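Just below is one structure, and these are the notes that go with it.
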Number of protein chains: 2
Amino acid sequence: MKNYSRQREAIINVLRSTDIHPTAGWVYERVREVIPNISLGTVYRNLDQLSKSGEILSISVGDGYEHFDGNSSPHAHLHCRKCGRIADAPLKNDFLAAAALESGFIPDTSVYIVYGVCAECNAKEKEIN
Amino acid sequence: MKNYSRQREAIINVLRSTDIHPTAGWVYERVREVIPNISLGTVYRNLDQLSKSGEILSISVGDGYEHFDGNSSPHAHLHCRKCGRIADAPLKNDFLAAAALESGFIPDTSVYIVYGVCAECNAKEKEIN
DNA sequence: CCTAAACTAATAATGATTACTATTTTATTA
DNA sequence: TAATAAAATAGTAATCATTATTAGTTTAGG
């Protein structure tokens, strides 16, 4: 069903080495440092595959890019509207099930994104005014 | 700052009349029934504006489209991986603040999306097998 | 009525993502 | 260690949701 490829391994390694929740393009640039002639399509295909198999997480914050997270255990994301950063935040475990109680819906993953302004951007704002 | 326009009013009306969390394209088709020569760009611009001002909610489930929700009060969304439907689900109120406790992040909105399979799709699956 | 800011229709441009194709790699079996 | 089929890849072209542009129209306030 699924064969080994050093391209995929490199992609996973890059993802596991960061917590910035990168885009496909960012992953592509980093992987190129190891496999210079890797194709952008290969990066997209593998990220798609890995997120469908549950090994990684795919996150849409609505900034026009798909973001990826090597940590697929349940946690929330804090997305800063100003700098665009996506940070991790803890999440009570029983929440996923509780939210889906309704109507026979069978949950597998969840993405919880909190929009707002991060501490750093808030500090900069205060400096200016 | 913000002027009245009947295009924007029609867009809000369409959004408030449904709970399917439509895309810009869907809203466009519905508004055209009332204002036949409305421009798609106008729909996009207004939806963007309204979601930035907090009057509506913008939701990315990762299906390649941006979805919109006329109900901007905090609630979770159940996104079915098979039929693509997005349903509403209740959400404990204090959750938003709790998830953002960390590091001085100041939350404004949150989008909580649970991925899985809805009851209907699950029933169909059982019929087949 | 006048004016400036906000808005619109129509259309062109953008750019992230996906599709396609010929070639190469992987895993398996003899 | 060949032979083979499934899975992957590089490179490139195509897609299409969204954004930008522009000339003209509408709104609101004095």
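Hydrogens, waters and symmetry mates are skipped; everything else that's a heavy atom, side chains included, is used. Each chain gets a letter, A, B and so on, in the order the sequences are listed, and its residues count up from 1. Keep in mind the model is a prediction, meaning the values are calculated, not measured.
Extent of DNA chain D lying under 4.0 Å from chain A heavy atoms, first and last nucleotide in 5' to 3' order, is D/dA7 to D/dG11.
Note on A/N46: only backbone sugar-phosphate atoms sit closer than 4.0 angstrom, heavy atoms only; bases stay farther off.
A/I11 and A/I38 make their closest contact through CD1-CD1, 4.4 Å (heavy atoms, listed as atom of the first residue, atom of the second, distance).
In this model, the phosphate group of C/dT18 is not approached by any side-chain N or O of A/Y44 to a distance below 4.0 Å at OP1 or OP2.
Residues A/E66 and A/S58 bring a donor and an acceptor atom of their side chains to less than 3.5 Å of each other.
By the rule that hydrophobic residues join a cluster once side-chain heavy atoms approach within less than 4.5 Å of another member, A/F68 and A/V34 end up as members of one cluster. When the side chains of ILVMFWY residues are joined at heavy-atom separations under 4.5 Å, either directly or via intervening members, A/Y4 and A/V14 end up in two distinct hydrophobic clusters.
Separating the CG atom in A/L15 from the CG atom in A/L57 is a distance of 10.5 Å, to the nearest 0.5 Å. Here the CD1 atom belonging to A/I59 is positioned 11.0 Å from the NE2 atom belonging to A/H79, to the nearest 0.5 angstrom.
Rounding to whole angstrom units, CD of residue B/Q49 and P of C/dA6 are separated by 10 Å. Rounding to whole angstrom units, CZ of residue B/R45 and P of C/dT11 are separated by 16 Å.
The salt bridge (charged side-chain N to carboxylate O under 4.0 Å, His left out) analysis of residues 41-65 of chain B, with sequence neighbours excluded, yields the pairs B/K2-B/E55, B/D48-B/K52. Screening residues 16-29 of chain A for side chain to side chain donor-acceptor pair (under 3.5 Å) gives A/H21-A/D69, A/H21-A/D88 as the qualifying pairs, with residues at least two apart or on separate chains.
Annotation: proximity of residues 23-42 of chain A to DNA chain D (heavy atom, distance under 4.0 Å) is found for A/N37, A/I38, A/S39, A/T42, numbered in ascending order. Of the residues in residues 3-19 of chain A, A/N3, A/S5, A/Q7, A/R8 come within less than 4.0 Å of DNA chain D through at least one heavy atom, sorted by number.
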(request) Go through the steps to decide whether A/I56 and A/S72 satisfy the test side chain to side chain contact (heavy atoms under 4.5 Å, CB included), and finish with yes or no. (result) CA-CA 5 Å; A/I56 68 174; A/S72 61; 5.8 Å; no

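Applying the ring pair (Phe, Tyr, Trp, His ring centres under 6.0 Å) test to B/H67 and every residue at least two apart in sequence or in another chain returns nothing.
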